[in-house]
Amino acid sequence: MIMAPPDSTRVLSGRLQRVVGSSPLTFTRRFFRYRQAQIAGIIVLVLILAAIFAPFIAPYTPDEVRAGKPLTPPNRAYLFGTDDLGRDMFSRIIYGSRITLRIGLVIVAVEVLIGVTVGLVAGYFGGWTDAILMRFTDVMLAFPGIMLALAIVATLGPGLTNAIFAVALASWPVFARVVRSSVLTVRESEYIIAGKLLGASHFQIIWRGILPNVLAPIIVLASLEFPAAVLVAAALSFLGLGAQPPTPEWGALLTDARNYIRSAPYLINIPGLAIFLTVLAFNLLGNTLRDVLDPRLRHR
Amino acid sequence: MLRFLLRRVVMMIPVWFAILTLVFLMRALVPGDPVEIMFFGRASSPEVVENMRHQLGLDQPLYRQYFTYVGNVLQGDLGTSITTKRPVVDEILDRYPATLQLALASLTVSVVVGLVAGILAALYKDSAIDTLAMAFSIAGLSMPAFWFGLLMIYFFSVKLGWFSVIPDGSLKSLVLPALTLGLIASSIVARLVRSAMLEVLGQDYIRTARSKGLSEPRIMTGHAIRNALLPIVTIVGLQFGGLLSGAFIIEAVFAWHGIGELGVQAFAKRDFPLTQGIVLVIASSYVLVNLVVDVLYAMLDPRVSLS
């Protein structure tokens with residue numbers, strides 16, 4: 001089987017089915033039996049719809065100045081009120097959902113790409129390769145949380161793209177750690193040894209023999225890293241190091257709004273609540289996924 | 001004991017050097033000339049840029065720059081801030097106590113709240129208390145610290161008028177930032193305490209204690225909580241690092257004059273000697289705290305061999 005030319009997507013989806021333990025439909029049903037997953041699912045659905053159909057939902061373009069009288073509190077015409085330049089907050093929040101989803105997806109994708117590659121290579125080859133890669137990973141983990149992302153943005157310069165890369169570069173070590181330890185448990189399996197005896201290349205063994213078997217922890221971790229990434233990226237934007245005005249990124253919206261904490265608190269609370277609900281929903285989905293897919297990770 | 005301590009300290013040295021190297025490379029690996037970047041591409045004349053490069057030693061080959069950097073750091077010289085022209089060490093020393101104060105105060109909040117919530121949740125597993133504690137925990141995990149901070153300011157300073165909006169460095173002005181950071185951190189502590197407690201409560205010696213007829217409070221205080229506290233020591237160490245970096249956001253929200261506020265300013269102005277200095281100091285503090293936690297753990301848990 002390992003000798004066959006790699007039709008990776010088919011194999012992956014087949015293995016994915018084994019990871020989830022049943023057909024996708026049964027899995028989905030089992031997943032949404034959890035009440036937390038139902039609530040979270042609705043929030044995420046609303047978010048995705050808002051992002052896709054933003055131009056149809058939003059009554060104004062996000063940057064339209066004087067769409068209404070500046071600093072109008074929420075009312076029928078302006079659901080979330082207007083900001084100091086008279087821009088419609090509802091439109092800005094709707095368009096902001098696009099940015100938030102993109103931030104989360106890109107960060108997690110880059111994290112997975114780097115972290116999983118490092119983890120697979122370190123775990124599979126062992127020895128010096130493992131020692132060097134893992135010591136490097138440990139050093140990365142020695143920098144506390146958001147500070148590393150901040151420092152990377154500081155060197156690259158402020159901006160949304162730089163912030164996205166900074167968060168990804170700062171957070172991949174978690175994936176490397178988890179994937180490596182999973183690889184160690186499957187590396188000595190008989191089918192891997194059989195593959196080696198049959199003369200499969202290292203790439204074939206890793207891609208088709210090992211990766212599909214360490215997929216569950218990767219999926220669970222990715223689902224939990226998504227909300228974390230959104231939170232850190234929003235914080236960077238809030239500090240003025242991420243998305244720059246007039247981008248309607250939710251974290252950046254709070255930066256200017258601080259000056260109106262007395263006169264227009266809704267300018268703070270609406271984007272804040274949007275970030276909170278989004279992160280909460282993805283955290284709940286991630287938690288459910290972990291409970292369903294990988295009970296061993298439950299206490300982490 | 002001494003040998004254990006010594007070995008741990010020796011093990012820390014290569015890690016610290018790796019951090020130092022990474023901090024150095026942070027600037028060296030950046031595409032583009034740091035001096036040009038500093039001037040935001042608006043340098044007055046090529047002579048000024050050249051002069052600046054020479055002053056900062058940037059006209060030297062990379063390995064020479066590295067050895068100079070390491071040598072200087074080992075002598076306690078972190079360079080001079082580009083924006084304030086003051087030694088980076090002085091800038092950091094001015095701000096460090098305020099951040100330490102904030103981190104310790106938040107740590108106290110997070111441990112007290114986290115312990116109480118976690119222990120109660122474990123004792124009354126699957127009850128309303130447990131559900132409430134875990135809901136609190138996931139909400140805390142999802143809360144943007146900067147919004148939570150602004151909410152605190154809105155309610156307690158603007159609406160109720162209990163605290164001044166601008167901190168004056170007094171103990172009272174520490175309350176809101178410490179609560180903000182501490183409550184968010186407590187959500188993780190509560191969750192980990194709960195699972196540590198549940199694990200201990202499932203042990204045989206708890207059953208033995210019960211069958212001996214010991215009272216429930218005695219089992220809890222004498223057997224369960226004491227053993228559950230061990231893994232919590234580790235968690236607290238990890239939390240401390242999170243609190244140090246969380247300070248970057250909280251200090252910006254509350255205008256708290258600590259190292260985080262200094263850092264954000266340095267980052268925004270591309271003051272790279274100051275940036276490097278701050279990153280190095282925070283990462284070193286984190287490594288040091290973890291060392292202390294490791295040693296503490298070994299002293300508290302007789303099962304960890306010291307040799």
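Quick note on labels: first sequence line is chain A, next is B, and so on, each numbered from 1. From a predicted model like this one, the values you see are computed outputs, not experimental measurements. Heavy atoms only: backbone and side chains are in, while hydrogens, waters and symmetry mates are out.
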Between side-chain atoms of residues 132-143 of chain B and protein atoms elsewhere (two or more places apart, or another chain), which donor-acceptor pairs fall under 3.5 Å?
{"unit_1": "B:Ser137", "atom_1": "OG", "unit_2": "B:Ser187", "atom_2": "O", "d": "2.9"}
{"unit_1": "B:Ser137", "atom_1": "OG", "unit_2": "B:Arg191", "atom_2": "NE", "d": "3.2"}
{"unit_1": "B:Ser142", "atom_1": "OG", "unit_2": "A:Asn283", "atom_2": "ND2", "d": "2.9"}
{"unit_1": "B:Ser142", "atom_1": "OG", "unit_2": "B:Ile138", "atom_2": "O", "d": "2.8"}

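Among residues two or more places apart in sequence or in another chain, the salt bridge (Lys or Arg N to Asp or Glu O under 4.0 Å) test is passed with B:Arg95 by B:Glu261.
Residues B:Tyr154 and A:Ile268 are not in side-chain contact: their nearest non-hydrogen atoms beyond the backbone lie 4.5 Å or more apart. The shortest side-chain heavy-atom distance between B:Phe146 and A:Leu239 does not fall under the 4.5 Å cut-off. B:Phe17 places none of its side-chain heavy atoms less than 4.5 Å from the side chain of A:Val139. Here the side chains of B:Val279 and A:Phe143 are in contact, with some heavy-atom distance below 4.5 Å. Contact annotation: the side chain of A:Asp138 never approaches that of B:Val15 to less than 4.5 Å [non-hydrogen atoms, C-beta and beyond].
Residue B:Ile249 holds its CD1 atom at 8.5 Å from CZ of A:Phe238, rounded to the nearest 0.5 Å. For the atom pair CG (A:Leu241) and CZ (B:Phe267), the distance works out to 8.0 Å, reported to the nearest 0.5 Å. Atom CD1 in B:Ile19 sits 11.5 Å away from atom CE in A:Met140 (nearest 0.5 Å). The structure places CG of A:Leu253 at 13.5 Å from CH2 of B:Trp147, a figure rounded to the nearest 0.5 Å.
Surrounding CZ of B:Phe163 are more than 12 heavy atoms belonging to other residues, nucleotides or ligands, all under 6.0 Å away. Residue A:Phe32 places its CZ atom among more than 12 non-hydrogen atoms of other residues, nucleotides or ligands, all under 6.0 Å distant.
Between chain B and the options A:Leu150, A:Ile146, A:Leu254, heavy-atom pairs under 4.5 Å are most frequent for A:Leu150. Heavy-atom pairs under 4.5 Å with chain B peak, among A:Ile261, A:Val232, A:Ile275, A:Leu236, at A:Ile261. The candidate with the highest count of non-hydrogen atom pairs below 4.5 Å against chain B, out of A:Leu284, A:Val153, A:Thr278, is A:Leu284. Between chain A and the options B:Leu244, B:Asn290, B:Ile282, B:Thr275, heavy-atom pairs under 4.5 Å are most frequent for B:Ile282. No other option in B:Pro14, B:Ser157, B:Pro144, B:Ala18 has as many heavy-atom pairs under 4.5 Å with chain A as B:Pro144.
Under a 3.5 Å cut-off, the side chain of A:Arg258 and the backbone N or O of B:Val253 do form a donor-acceptor pair.
When heavy atoms are compared at a cutoff of 4.5 Å, B:Leu151 approaches chain A solely by way of its side chain, counted from C-beta outward. Heavy atoms of B:Val287 lying under 4.5 Å from chain A belong exclusively to its side chain. Proximity to chain B is limited to the side chain of A:Phe136, based on heavy atoms less than 4.5 angstrom apart. If you measure heavy-atom distances from A:Leu277 to chain B, you find no contacts under 4.5 Å at all.
Nearest heavy-atom pair, A:Leu141 versus B:Tyr286, reported as atom, atom and distance to 0.1 Å: O-CE2, 3.8 Å.
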